[in-house]
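By convention in this document, chain letters (A, B, ...) are assigned in the order of the sequence lines, proteins followed by strands, and residues within each chain are numbered from 1.
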Number of protein chains: 2
Amino acid sequence: MFADLTPDELNEALVVIDDLVYQSGCMIYRKGDEGNALFTIRRGLVKLVRELPEGEQRIVRLLKVGDVVGIEVAIGSSYKHTAFTIGETELCRIPASAIEQLDISHPSLARQLMVRWQNSLDDADRALVEFSTGTAEVRVARLLLHLSALSHDATCVDIGRQDMGSMLSITTETASRVMAGFRRRGAVGETGRGAPCRCNLDLLKRIANPD
Amino acid sequence: MFADLTPDELNEALVVIDDLVYQSGCMIYRKGDEGNALFTIRRGLVKLVRELPEGEQRIVRLLKVGDVVGIEVAIGSSYKHTAFTIGETELCRIPASAIEQLDISHPSLARQLMVRWQNSLDDADRALVEFSTGTAEVRVARLLLHLSALSHDATCVDIGRQDMGSMLSITTETASRVMAGFRRRGAVGETGRGAPCRCNLDLLKRIANPD
DNA sequence: CGTAAATTTGAATGGATTCAAACGTGGTGG
DNA sequence: CCACCACGTTTGAATCCATTCAAATTTACG
């Protein structure tokens, strides 16, 4: 993100940037809070959550290593979601003031930010077409494929059934049922508690794209 | 969008900006095409469509007056969706080259673009929470409320059942059934063909937020 | 006026939800 | 160390909602 900065500018930026480690399930910020800082993910996962009118919550986006959390801060907005860590997660905290300063003096940072915005938009659109259409089986398969793509091997982070459900707009019970079916069919390996599960990518792809 | 430009810059920009009128159902651009231009909507509606693996199509976003169509062009990307007009629509065509030029000389345009990106993101998130959760009745009610908010009166653009369905991830038949029910209950007025329908906002709100 | 396309309605089916209970896991305190 | 509780997951059975397939109806357009 800070490519194209001069050494001086970089140093100036770095003094105000903190490196933070959150444990699993921590709230990073709450929707509506004044946006004092944005974050980049160095390790772990972050979920952006929005409350439904009915009181439940829906996961709007899942952010991965390299993604920016709270990018809306860059235009002076308050936070649009509530953000939680999933698994132990390491974040870089970048104060809004630092962004403002650099933004003016350095147009290439502006471009970097635009690229990040577009990436977020792509993720959102993907959620709309892949995670909100098709049967429960199809959605879960697509989510597992998505998660597998984050790791270099075929393991995927063991996400809770509740989180699965609120990402895919299905109940935790159906999420559980579908995963049980996948296990029976060998689409995913036996899930050791909390351990990442091995996925049968070929089989999952076949399930995800019914012809 | 071109606030904060000097008269000279504005003139220079305006010579390359075309004003176009499309009739209903026209394709503005196709997904994957090289992005030579972006557009702003002066009148009408635009739908951004993405093809599902199964061959069907899903409406990812509905753009209204003042929105930017094809904003990804500003970072040199090809089009991420296929764009169609809904109803007769008037667009401003802004060549990518014009954006590039102004982008460098004028940082305030960059900020304007970021705001637009964030707006798109907000719309996408809204689609995820409001148009992809709840029963068919609830989703249709929320869509009608959303459309009503675009007009200043309580009328809302008569969107086809097919488009309704592919916005809400329901079939055209259920969309039709739900609308029939709403008509019976007086949630929407009798729909004169192609004419905008009058909505009973209070009743729709009650349906949209089941307590 | 006649054909094509979109909308509406019906009946049967299937899939997801709901409500409930059982199970396993981890943490706490006796 | 074990009993106990809280919490997430799993499984079951009944219900409900949306889909599917089909046909009738209306609307648009040449």
Side-chain angles (χ1 to χ4, degrees), chain A residues 23-25 47 52 54-59 84 86-87 131-144 157-185 188-195 197 207 210, chain B residues 23-26 47 52 54-59 84 86-88 131-144 157-185 187-197 207 210:
Chain A
Q23 48 189 14
S24 186
K47 61 176 174 181
L52 291 177
E54 301 95 53
E56 313 196 26
Q57 63 174 29
R58 160 116 214 213
I59 297 180
F84 295 93
I86 296 183
F131 300 150
S132 303
T133 66
T135 65
E137 275 210 341
V138 169
R139 295 187 197 187
V140 173
R142 296 205 267 234
L143 177 58
L144 292 177
V157 194
D158 190 29
I159 195 177
R161 303 291 173 263
Q162 195 135 4
D163 283 343
M164 258 192 196
S166 69
M167 272 206 78
L168 305 177
S169 290
I170 59 180
T171 59
T172 66
E173 290 98 325
T174 38
S176 173
R177 267 183 258 269
V178 169
M179 285 298 287
F182 282 0
R183 243 176 283 138
R184 222 174 302 120
R185 288 198 264 167
V188 302
E190 290 299 326
T191 161
R193 185 45 62 210
C197 69
I207 296 171
Chain B
Q23 47 188 13
S24 186
C26 287
K47 60 176 175 182
L52 292 176
E54 300 96 52
E56 312 195 26
Q57 63 174 30
R58 161 116 213 214
I59 297 178
F84 294 92
I86 295 183
E88 192 180 278
F131 299 150
S132 304
T133 66
T135 64
E137 274 210 342
V138 169
R139 296 187 196 186
V140 173
R142 297 205 266 236
L143 177 57
L144 292 177
V157 193
D158 188 31
I159 195 177
R161 303 292 172 264
Q162 194 135 5
D163 284 343
M164 259 193 195
S166 69
M167 272 207 78
L168 305 176
S169 291
I170 59 179
T171 59
T172 66
E173 290 97 323
T174 39
S176 173
R177 267 183 258 267
V178 170
M179 286 299 287
F182 282 179
R183 243 175 284 138
R184 220 175 305 122
R185 287 198 265 167
V188 301
E190 292 297 327
T191 162
R193 190 33 70 207
C197 68
I207 296 171

- In sequence, state the C-alpha distance, the side-chain angles, and the governing distance for B/Arg139 and B/Ser169, and then conclude on side-chain contact (heavy atoms from CB on, under 4.5 Å). CA-CA 9 Å; B/Arg139 296 187 196 186; B/Ser169 291; 3.8 Å; yes

Taking N or O atoms only and anything under 3.5 Å, show me the protein contacts with nucleotides 20-24 of chain D, one pair per line.
residue, atom, partner, partner atom, Å
D/dT20, O4, B/Arg177, NH2, 2.8
D/dC21, N4, B/Glu173, OE2, 3.4

- Item | Between D/dT9 (P) and A/Arg183 (CZ): distance, integer Å | 11 Å

- Euclidean distance, atom CD of residue B/Gln162 to atom C1' of D/dT27 [Å, nearest integer]: 15 Å

- Item | Over all atoms of both residues, closest heavy-atom pair of B/Arg161 and B/Ala175 | O-CB, 3.9 Å

- Item | Atom of B/Leu144, atom of B/Phe182 and distance for their closest heavy-atom approach | CD1-CD1, 3.9 Å

- Message: Distance check needed: C/dA5 P versus B/Asp163 CG, whole Å only.
- Response: 17 Å

- Decide yes or no on side-chain contact (heavy atoms from CB on, under 4.5 Å) for A/Arg58 and B/Ser132, but give the supporting numbers first. CA-CA 10 Å; A/Arg58 160 116 214 213; B/Ser132 304; 3.6 Å; yes

- Message: Taking A/Glu137 first and then A/Arg185, would you say they form a salt bridge - that is, a charged N and a carboxylate O separated by under 4.0 Å?
- Response: yes

- Message: Closest approach to the side chain of B/Thr135, judged atom by atom: which nucleotide of D/dC17, C/dT7, C/dA16 is it?
- Response: D/dC17

- Item | Spacing of A/Met164 atom CE relative to C/dA16 atom C1', expressed in whole Å | 17 Å

- Item | Between D/dT19 (P) and B/Glu137 (CD): distance, integer Å | 13 Å

- Query: To the nearest 10 degrees, what angle separates the axes at the start and end of the helix from C/dC1-D/dG30 to C/dG30-D/dC1, five pairs each?
  - Reply: 40°

- Query: In whole Å, what is the span from the CE atom of B/Met179 to the P atom of D/dT26?
  - Reply: 18 Å

- Rounded to whole Å, CZ of A/Arg161 lies from C1' of D/dT11 at a distance of 14 Å

- Message: If you only use heavy atoms from C-beta on, which nucleotide in D/dT11, D/dT19, D/dT10 is closest to the side chain of B/Ile170?
- Response: D/dT19

- Provide, to the nearest angstrom, the distance between the CG atom belonging to A/Leu168 and the C1' atom belonging to C/dA16. 13 Å

- Message: Pairing donors with acceptors under 3.5 angstrom, does anything connect the side chains of A/Thr133 and A/Arg142?
- Response: yes

- Message: Ignoring hydrogens, what is the shortest heavy-atom contact between B/Val138 and B/Ile207? Give both atom names and the distance.
- Response: CG2-O, 3.6 Å

- Message: Set out, in order, the CA-CA distance, both residues' side-chain angles and the distance that settles side-chain contact (heavy atoms from CB on, under 4.5 Å) for A/Met164 and A/Thr172, then state yes or no.
- Response: CA-CA 7 Å; A/Met164 258 192 196; A/Thr172 66; over 6 Å; no

- Message: If you define the side chain from C-beta out and look only at heavy atoms, does anything of B/Lys47 sit under 4.5 Å from B/Gln57?
- Response: yes

